[in-house]
Amino acid sequence: MNRVELLAVMVGFGLVGCTQKSTLSVPVEDTDTDDDTDTEPDTDTDTDTDTDDLDGDGFTVEEGDCDDDDIGVNPARDEDDSDGKDNDCDGRVDEEWDGLTVAQQHESDVSSILEINSTGTDIVREVKLESGYLPLDVTHAVDDGSDDPGWVIIHDDGASYDGDVEIVEPTSVVHVATDGTCTVLAEFTDPDEWVPAVRGIKTHPDGYYVVTGPGALYRVDTDGTTTELTSWGADFSDDTTYELFGRDLAVDLVTGEVGIFDWTGGFATWSEEEGLNILKQADITDSWANWDYLSVEMGDAMDGGGWFGLVVDYEAYEYALYRFNLNKGTWTLKMEWIDTNIAPQSLATNGDNGDIYVSANGGWHRTLWLIDLEADYLDDFYDEATEPNYLLTGIISNY
């Protein structure tokens, strides 16, 4: 596969032709024997020991106990949704997983935000967006004290032409109210890029949105103020400066750290304290000959429990779920399947039970997959047969 062929594959956001639903379950043995509980690669040689377990619940602060004075709070606890505590130390208080929010894109009609219940059996709410808005990704709006603050999407019109001149439309960060009213918060334009200027968005626990583009990470505040948080080399044509090509991002709600998923298989993190930390970088020297053709299409964070990415092998066209091993600086295979008829779009994690959900499209079917890592099981969570110009794109968990 040459570079032109590669770019043609990577640009595609549409459907892969198919008229039949596909079998999706091909579990693999988990070969990752490293617990990977560090937040940074462990390179020291000292013999540091944890502090005392002050409340006697079996967990120290270093082992993830977010309140070592309370025996009812530690990472092994189930959440009590009525006691005002973060019982399971996942960054949320009194939460209960309540299904998924999904962005449904329609190429010629009105797009929607769908809320699907926790069993995948029912659409409990559909909010139609103003005409002309195409959601690539979705996140929950920052809590403004109201009962329902709505959502924020990435909207991209793509490119249009004035004669032979290509007109690149800006990619927008848009607030969507519960009545479907859309308000543009920020716009990003890069006329030299062949993909949207920004692609992934998540709500940060400190009350703003983080957005990734190919070569930069941005903060967007609720009033639309935009700040570049960090940047990196993203020019494919210059292997001496190339570092990453940002495709998606996630936020660890426990630490506030941002994970950046790279279209060429790399991975990086960013935090206010540590800045940008490139943990894995693809080698594209010698005309891409050293690159392993693994692309991280999308990813999410498991609330202090690791970074997960959906990876495609562009030589074999095989999809797989990987977890990034911080200690080894590599992607570790968790589950794989072979199906060229399915186009995965986005990834969400369930911080309550550890399940993972993927939105996907294939022919006449729009599906949400459930991936149960403990049982090595993959199956449909939600499946709808509909006309082929619908896409399920961004997806995020509800609590």
Side-chain angles (χ1 to χ4, degrees), residues 75 78-81 86-104 112-127 135-143 147-154 176 178 200-205 207 209-210 248-259 261 297-310 321 323 334-335 344-360 366-374 377-383 392-399:
D78 292 331
E79 185 72 14
D80 181 338
D81 63 5
D86 181 8
N87 304 94
D88 54 4
C89 293
D90 70 348
R92 300 182 179 94
V93 175
D94 290 351
E95 87 281 356
E96 180 179 1
W97 192 82
D98 194 32
L100 299 164
T101 291
V102 184
Q104 178 175 262
S112 302
I113 301 294
L114 308 178
E115 288 186 348
I116 298 174
N117 68 357
S118 59
T119 60
T121 56
D122 189 28
I123 297 176
V124 297
R125 180 166 60 162
E126 178 175 3
V127 175
L136 295 180
D137 203 359
V138 63
T139 190
H140 294 293
V142 169
D143 186 358
D147 292 336
D148 199 343
W151 310 270
V152 172
I153 63 170
I154 296 288
V176 180
T178 54
I201 186 169
K202 288 293 187 295
T203 305
H204 196 277
Y209 308 104
V210 282
D248 199 7
L249 82 169
V251 177
D252 187 327
L253 295 183
V254 175
T255 65
E257 190 173 43
V258 179
F261 300 89
E297 293 288 284
M298 60 212 69
D300 204 2
M302 189 68 79
D303 297 348
W307 305 97
F308 290 85
L310 199 63
L321 179 72
R323 179 174 183 261
K334 292 298 182 181
M335 183 173 289
Q345 298 291 317
S346 191
L347 179 70
T349 55
N350 180 336
D352 281 3
N353 63 19
D355 289 340
I356 292 176
Y357 301 86
V358 178
S359 62
R366 308 292 165 265
T367 66
L368 301 176
W369 308 340
L370 163 64
I371 301 177
D372 185 331
L373 291 176
E374 289 188 3
Y377 177 76
L378 189 155
D379 200 0
D380 285 329
F381 174 75
Y382 169 83
D383 184 8
L392 296 183
T393 54
I395 177 176
I396 193 166
S397 285
N398 300 332
Y399 292 93

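Everything numeric here is computed off the predicted structure, so don't read it as measured data.
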Any idea which heavy atoms bring [X] and [Y] closest together, and the distance?
X	Y	result
I396	A348	CA-CB, 4.1 Å
D252	V254	OD1-N, 2.9 Å
M302	N350	SD-O, 3.6 Å
A301	A250	N-CB, 3.5 Å
P135	Q104	CG-O, 4.2 Å

Before you tell me yes or no, could you show the steps for L100 and S397 under side-chain contact (heavy atoms from CB on, under 4.5 Å), namely the whole-Å CA-CA distance, both residues' side-chain angles and the distance that decides it to 0.1 Å? CA-CA 5 Å; L100 299 164; S397 285; 3.9 Å; yes
N353 vs W97, test: side-chain contact (heavy atoms from CB on, under 4.5 Å). Steps then yes/no. CA-CA 9 Å; N353 63 19; W97 192 82; 5.8 Å; no
Using the side-chain hydrogen bond (donor to acceptor under 3.5 Å, both in side chains) criterion, which residues pair with [X]? Sequence neighbours excluded.
X	value
T101	N398
H204	none
T393	none

[X] side chain vs [Y] backbone, donor-acceptor pair below 3.5 Å:
X	Y	answer
Y209	V142	yes
D372	Y377	no
D248	G200	no
D137	I201	yes
T203	H140	yes

Indicate whether the side chain of S359 and that of Q345 have a donor and an acceptor atom separated by less than 3.5 Å. no
Side-chain contact, heavy-atom cut-off 4.5 Å: W151 with V127? yes
Please tell me if the side chains of L347 and V358 come closer than 4.5 Å, counting only heavy atoms from C-beta onward. yes
Gap separating the [atom1] atom of [X] from the [atom2] atom of [Y], nearest 0.5 angstrom:
X	Y	atom1	atom2	value
F261	W307	CZ	CH2	6.5 Å
L321	M298	CG	CE	10.5 Å
D300	I395	CG	CD1	9.5 Å
L378	K334	CG	NZ	15.0 Å
F381	L368	CZ	CG	7.0 Å
I371	T349	CD1	OG1	11.5 Å

Which is it for I153 and I113 under the side-chain contact (heavy atoms from CB on, under 4.5 Å) test, yes or no, and what are the steps along the way? CA-CA 10 Å; I153 63 170; I113 301 294; 4.1 Å; yes
Considering the options V152, V251, V138, which one meets the side chain to side chain contact (heavy atoms under 4.5 Å, CB included) requirement together with K202? V251
Verdict with supporting geometry, D98 and E115, side-chain contact (heavy atoms from CB on, under 4.5 Å): CA-CA 9 Å; D98 194 32; E115 288 186 348; over 6 Å; no
